[in-house]
Amino acid sequence: MKPVCVLGNGQLGRMMRQAGEPLGIAVYPVGLDAEPESVPFHNSVITAEIERWPETALTRELADHAAFVNRDIFPRLADRLTQKQLLDSLNLATAPWQLLARADEWPHVFASFGELAIVKRRVGGYDGRGQWRLRNGEQQTLPAECYGECIVEQGIHFSGEVSLVGARNAHGKCVFYPLTHNLHQDGILRASVALPQPEATLQQQAEHMLSTIMNTLNYVGVMAMECFIVGDRLLINELAPRVHNSGHWTQNGASISQFELHLRAILDLPLPAPIVEAPAVMVNLIGTDVNTDWLALPLIHLHWYEKEVRSGRKVGHLNLTSATISQLQHTLQALTPLLPAEYHSGLAWAAEKLVSERS
């Protein structure tokens, strides 16, 4: 099998490398500033763990490489303007939005969107950065350089946030995981819960949306679609053309992880639908030092990224899976005193979600 070069050497590239090892697939996560001659890309399939990157000697070299999968799709989805235009062209539901070109557009924005407007940078910004929640009268707090560089969306009153992680191969076959329920705090994903039998109507709706997007783009690999639940329908929030944080539970909760699924898709290996037999929970570790006491709990799978611990930085995650809901809830309860107070509401949310979504 051909080796795989991953543009970007963060935790997603690292976990892709780990997924490739049992299959005998050599995966090379590569820093953006690497010297091109040190990267074995000539006979490799090339993928990326990030949507956008600065121009460097390496990225200039890769920009023309025929084996760079989805090369021309990344910039289209990395820009929220062209991403939203794609969704509109496909008649897929998303929050009402517009380009925010000038400050004098605010009266029209609030007249159209109501009391709450969400401003997002067109490119860049993640984990809540590069975004502003503004009510009428607060628009002067927006930095002047945002005009022309941001979109503005209607603030949505939603009952929940979910994501769908799926994959497509070059022959057009699409496979999906069950919908994942997500809890965000300050724009950062704190916890995810996945159940083997999701609500059928929402699952079908999400699979139709994501397959439409992937087929239209002729996309190959794993893609994640984040959505709001509004009544009995989904509104697409954002797309990520890569493996995704909300799919990390698949490492221990599915027959094939999202990282292996991505490798299978881009290398044209068999792509069966992953099997999920038990509920799973993922807890993001954000700015928290490793604690080996977590490992005293038998359901805990620790994935540590070996990054410097800094406030607001994702440094690892915990996966839990069990066919017995009460075991999962007991473990979440036992985990609570082993994590700082800011985790406690997320752990309680996960414990409640395991029951409420099954009933």
For [X], does the [atom1] atom have more than 12 heavy-atom neighbours from other residues, nucleotides or ligands under 6.0 Å away?
X	atom1	answer
Asn43	CG	no
Gln85	CD	yes
Glu342	CD	yes
His301	NE2	yes
His208	NE2	no

Check whether any side-chain heavy atom of [X] sits under 4.5 Å from a side-chain heavy atom of [Y], and report yes or no.
X	Y	answer
Ile151	Lys84	yes
Val165	Thr250	no
Pro279	Leu328	yes
Arg14	Arg17	yes

Measure from the side-chain N and O atoms of His181 to the backbone N and O of Gly160, and report whether any donor-acceptor pair falls under 3.5 Å. no
Salt-bridge present ([X], [Y]; N to O < 4.0 Å):
X	Y	result
Arg135	Glu115	yes
Arg60	Glu55	yes
Glu138	Arg133	no

For residues Lys2 and Ser44, is any side-chain donor paired with an opposing acceptor at under 3.5 Å? no
With sequence neighbours excluded, tell me which residues meet ring pair (Phe, Tyr, Trp, His ring centres under 6.0 Å) with Trp53. Phe68, Phe74
Looking at residues at least two apart in the chain, or sitting in another chain, which of them share a ring pair (Phe, Tyr, Trp, His ring centres under 6.0 Å) with Phe113? none
Look at the rings of Trp249 and Tyr177 and say which category their plane angle falls in: under 30° parallel, 30 to 60° tilted, over 60° perpendicular. perpendicular
Going through the checks in order, is the side-chain contact (heavy atoms from CB on, under 4.5 Å) test met by Val193 and Leu183? CA-CA 9 Å; Val193 171; Leu183 174 69; over 6 Å; no
Ring centres under 6.0 angstrom apart (His248, Phe259): yes
Pair His317 + Tyr305: ring centers closer than 6.0 Å: yes
Show, in sequence, the C-alpha distance, side-chain angles and deciding distance for Tyr28 and Val39, and conclude whether the side-chain contact (heavy atoms from CB on, under 4.5 Å) test is met. CA-CA 8 Å; Tyr28 302 98; Val39 178; over 6 Å; no
Linked, directly or transitively: Tyr219 and Ile266 (ILVMFWY side chains, under 4.5 Å): no
Tell me, which pairs form a salt bridge (charged side-chain N to carboxylate O under 4.0 Å, His left out) where one or both residues lie in residues 252-274, sequence neighbours left out? Glu260-Arg264
